[in-house]
Amino acid sequence: MNLSNRIVSFFILLISLLPFWLLYFLSDILFIVLYYIIGYRKEVIRENLLAAFPNKSQEERELIAKKFYLFLADMILETIKMRSISAEEVKKRIKLNNPEEVYIHMNANRPVMGITGHYGNWELGIHRLSLMTENPILIIYKPLTNKGFEKIFNDIRARFGAFMVPMKQTFRQILAYKNKPHISMFLSDQTPARSESNYFIPFLNQETLVFQGVEKIAQSTNFPVVYCHINRMRRGYYECTFTTLFDNPKTSAMHEITVSHAKFLENIIYKKPELWLWSHRRWKHKPTT
């Protein structure tokens, strides 16, 4: 790790030691900077909201955008807090509504393929997932260009025992644990490169290029597919609800799993849109005609 990355890591540690009330004071300031001063990715966010909600008024979409910026600022500070937060505080901050939905599979000696999206605080969710079981937790992630930052954040994510798995090593790592109950967690709304997928589905009113890796692995292994919905109850507090989408994936039709988990996330977003990551370019690829 070079000097600049060490400095960044040091400041992340210092900020993470602040109490939550002070972190949220800083978050309020960060919101003003992001929304009013620099307009962080404002055009991307507005374009995405217009594409997803063409029937809403401009005022309605702008209100969603403002709520998203408020949440984004909170999430940035909450993610930094992950550097030093205690296990007890993590459990206090994310309530598990029905962990038995996962335990029932692992108690039957079946690994679980977990799915979530860039929704709620999915980063803090890594800590909570790691603390719900002593079985291995594999977090599938898309590597960053900056390897120094990647190491900083992966070290934070792995504090409570999670194993960080680069996307290209996913199948190999899952097979390595195939005879041991474990959870492999995927972000279902990652954007593939055009060379990585050619399958589009309707999602948030757009033809959307999607990965099919979850479906291919699930059908190959017959591991149950469980959705993890992280919802924010109030500032700093979340709840996680598990839903088994497919108990026997081998019996599913082609594309059924992919369409199903995308639709599940879509319905979540429609109910509380400000908690999804609107600032990324999700629809930069278009179907060829």
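Since we're looking at a predicted model, the values are computed, not measured. As a basis for the values below, the full set of heavy atoms in this structure was taken, side chains included, without hydrogen atoms, waters or symmetry mates.
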Return the minimal non-hydrogen interatomic distance between [X] and [Y], and the atom names on each side.
| X | Y | result |
| --- | --- | --- |
| Ile64 | Glu274 | O-CB, 4.0 Å |
| Glu123 | Met75 | CG-CE, 3.7 Å |
| Ile230 | Cys240 | CG1-SG, 4.3 Å |
| Ala52 | Asn205 | O-CB, 3.9 Å |
| Ile45 | Ser279 | CG1-CA, 3.7 Å |
| Arg194 | Phe200 | NH2-CE1, 3.5 Å |

Examine [X] and [Y] and state if one hydrophobic cluster contains both, with Ile, Leu, Val, Met, Phe, Trp and Tyr joined whenever side-chain heavy atoms are less than 4.5 Å apart.
| X | Y | value |
| --- | --- | --- |
| Trp21 | Leu70 | yes |
| Leu50 | Trp276 | no |
| Leu144 | Leu187 | yes |

Are there over 12 heavy-atom neighbours, none belonging to [X], within less than 6.0 Å of that residue's [atom1]?
| X | atom1 | answer |
| --- | --- | --- |
| Lys168 | NZ | no |
| Phe25 | CZ | no |
| Ile104 | CD1 | no |
| Lys42 | NZ | yes |

According to salt bridge (charged side-chain N to carboxylate O under 4.0 Å, His left out), does anything in [range] pair up with another residue at least two apart or in another chain? List the pairs.
| range | result |
| --- | --- |
| residues 59-72 | Arg46-Glu62 |
| residues 201-211 | none |
| residues 215-238 | Asp28-Arg235, Asp74-Arg232, Asp74-Arg235 |
| residues 241-260 | Arg110-Asp247 |

Can you tell me how the ring of His127 sits relative to the ring of Phe160, calling it parallel under 30°, perpendicular over 60° and tilted otherwise? perpendicular
So Phe203 and Trp283, would you call those rings parallel, tilted or perpendicular, with 30° and 60° as cut-offs? tilted
Taking the side chain from [X] and the backbone from [Y], do they hold a donor-acceptor pair closer than 3.5 Å?
| X | Y | result |
| --- | --- | --- |
| Ser188 | Ile115 | no |
| Ser16 | Leu13 | yes |
| Asn146 | Phe149 | yes |
| Gln206 | Ala51 | yes |
| Asn98 | Glu101 | no |
| Ser197 | Tyr199 | yes |
| Glu47 | Val44 | no |

Would you give the length of the straight line joining atom CG of Leu131 to atom NZ of Lys91, rounded to the nearest 0.5 angstrom? 5.5 Å
What's the separation between atom CG in Asn48 and atom CD in Glu43, rounded to the nearest 0.5 Å? 11.0 Å
Less than 4.0 angstrom from a charged side-chain N to a carboxylate O is my criterion; do Lys147 and Glu150 meet it? yes
Between Asp155 and Arg159, does any side-chain N to carboxylate O distance fall below 4.0 Å? no
Taking the side chain as every heavy atom from C-beta outward, state whether [X] and [Y] have any atom pair closer than 4.5 Å.
| X | Y | result |
| --- | --- | --- |
| Ser9 | Arg6 | no |
| Ile257 | Leu245 | no |
| Ile7 | Leu3 | yes |
| Thr191 | His285 | yes |
| His229 | Thr116 | no |
| Val90 | Arg93 | no |
| Thr241 | Asn231 | no |
| Ile174 | Phe223 | yes |

Is there a donor in the side chain of Gln212 and an acceptor in the side chain of His255, or the other way round, less than 3.5 Å apart? yes
Given side-chain contact (heavy atoms from CB on, under 4.5 Å), test Val214 with Thr258 step by step and report yes or no. CA-CA 7 Å; Val214 170; Thr258 302; over 6 Å; no
May I ask you to check whether Trp278 and Tyr40 place their ring centers less than 6.0 Å from one another? no
For Met106, the hydrophobic cluster (side chain heavy atoms closer than 4.5 Å, chained through members) also holds Leu96, Val102, Tyr103, Val112, Ile126, Leu129, Met132, Ile137, Ile139, Tyr141, Met164, Ile183, Met185, Val226, Phe242
Please determine whether side-chain contact (heavy atoms from CB on, under 4.5 Å) holds for the pair Asn248 and Asn222, giving the CA-CA distance in whole Å, both sets of side-chain angles, and the decisive distance to 0.1 Å. CA-CA 6 Å; Asn248 292 291; Asn222 206 36; 3.6 Å; yes
So, using ring pair (Phe, Tyr, Trp, His ring centres under 6.0 Å) as the criterion, who are the partners of [X] when residues are at least two apart?
| X | answer |
| --- | --- |
| Trp122 | His118 |
| Tyr35 | Phe31, Tyr69 |
| His182 | Tyr177 |
| His261 | none |

Tell me, please, whether Tyr238 has Lys95 positioned over its six-membered ring: NZ or CZ under 6.0 Å from the ring centre and within 45 degrees of its axis? no
Pairs under 3.5 angstrom only: tabulate donor-acceptor contacts from the side chains of residues 264-271 to other protein residues two or more places apart or in another chain.
{"from": "Glu266", "atom 1": "OE1", "to": "Lys263", "atom 2": "NZ", "distance (Å)": "2.7"}
{"from": "Glu266", "atom 1": "OE2", "to": "Leu204", "atom 2": "N", "distance (Å)": "2.6"}
{"from": "Asn267", "atom 1": "ND2", "to": "Lys263", "atom 2": "O", "distance (Å)": "3.4"}

Partner set under side chain to side chain contact (heavy atoms under 4.5 Å, CB included) for Ile15, not counting sequence neighbours: Leu18, Leu23, Leu77, Ile80
How would you list all residue pairs meeting side-chain hydrogen bond (donor to acceptor under 3.5 Å, both in side chains) that involve residues 128-138, not counting sequence neighbours? Thr133-Asn135
Would Gln173 and Phe163 count as a side-chain contact (heavy atoms from CB on, under 4.5 Å) here? Give the steps. CA-CA 10 Å; Gln173 291 297 325; Phe163 295 94; over 6 Å; no
Go through it in stages, so that I can follow the logic: the residues are Phe153 and Met82, the test is side-chain contact (heavy atoms from CB on, under 4.5 Å), and I'd like the CA-CA distance, side-chain angles, deciding distance and then a yes or no. CA-CA 10 Å; Phe153 286 107; Met82 288 171 61; over 6 Å; no
